[in-house]
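These numbers come from the heavy atoms of this one structure, side chains and all, not from hydrogens, waters or symmetry mates.
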Amino acid sequence: AGASEFPAVNVWANGERTYVTSEIPGIDTGKVDISVAGKTLTIHGGRDPVEVGEGEVLHRRERWYGKFSRIVELPYPVDAEKVEATFSRGVLTITLPRAEGDKPRKISVKAE
């Protein structure tokens with residue numbers, strides 16, 4: 001991941017689900033859009049700049065603000081209808097169940 005990519009993400013998976021976490025503190029969850037298509041997860045959002053009051057002068061602005069968009073390639077297709085997202089203590093967690101049609105199936109051999 002490059003230093004310019006925001007927000008940074010962690011992705012891990014098992015045979016049933018993929019998990020994506022991202023730290024996005026100070027962002028209103030109403031301004032976060034998550035979409036899934038096949039094996040691609042897209043996270044859009046934004047953070048508004050801090051407004052200063054009348055007669056106040058901003059001396060330093062180091063916290064990032066503006067719009068962001070991250071596209072994450074997933075290890076396998078997921079069931080978009082069952083994706084869940086939670087936000088706690090500044091961390092967005094997205095749980096993406098593997099699509100049923102993509103799960104490996106065990107084939108039983110019948111004796112004749």
Residue Glu81 excluded, over 12 heavy atoms near CD under 6.0 Å: no

Using a 4.5 Å cut-off on heavy atoms from C-beta on, say whether the side chain of Thr40 contacts that of Leu74. no

Taking all non-hydrogen atoms of both residues into account, name the closest pair between Pro7 and Glu23 and its distance. CB-O, 3.9 Å

Interatomic distance, Lys67 atom NZ to His44 atom NE2 [nearest 0.5 angstrom]: 11.0 Å

Interatomic distance, OG1@Thr21 vs CG@Leu92, rounded to 0.5 Å, equals 8.5 Å

What I want to check is whether the side chains of Thr93 and Tyr19 have a donor and an acceptor closer together than 3.5 Å. no

Identify the two heavy atoms, one from Arg70 and one from Phe6, that lie closest to each other, and give their separation to 0.1 Å. CG-O, 3.5 Å

Nearest non-hydrogen partners of Ile27 and Phe68, listed with the distance: CD1-CE2, 3.4 Å

Looking at OG1 of Thr95 and CZ of Arg17, how far apart are the two atoms once the value is rounded to the nearest 0.5 Å? 7.5 Å

For Val50 and Arg61 the tightest heavy-atom approach is O-NH2, 3.6 Å

Contacts of type side-chain contact (heavy atoms from CB on, under 4.5 Å), residue Ser35, not counting sequence neighbours: Thr42

Within this structure, what is the CZ-CD1 distance for the pair Arg47 and Ile24, rounded to the nearest 0.5 Å? 9.0 Å

Which atom of Ala13 lies closest to which atom of Pro75, heavy atoms considered: CB-CG, 3.8 Å

For Ile94, which of Val9, Thr18, Ile43 qualifies under side chain to side chain contact (heavy atoms under 4.5 Å, CB included)? Ile43

Closest approach of Tyr76 to Glu16 (non-hydrogen atoms, all atoms of both residues): OH-C, 3.8 Å

Here the gap from Glu100 atom CD to Lys82 atom NZ, rounded to the nearest 0.5 Å, amounts to 6.0 Å

Answer yes or no: is there a side-chain heavy-atom contact under 4.5 Å between Val20 and Leu96? yes

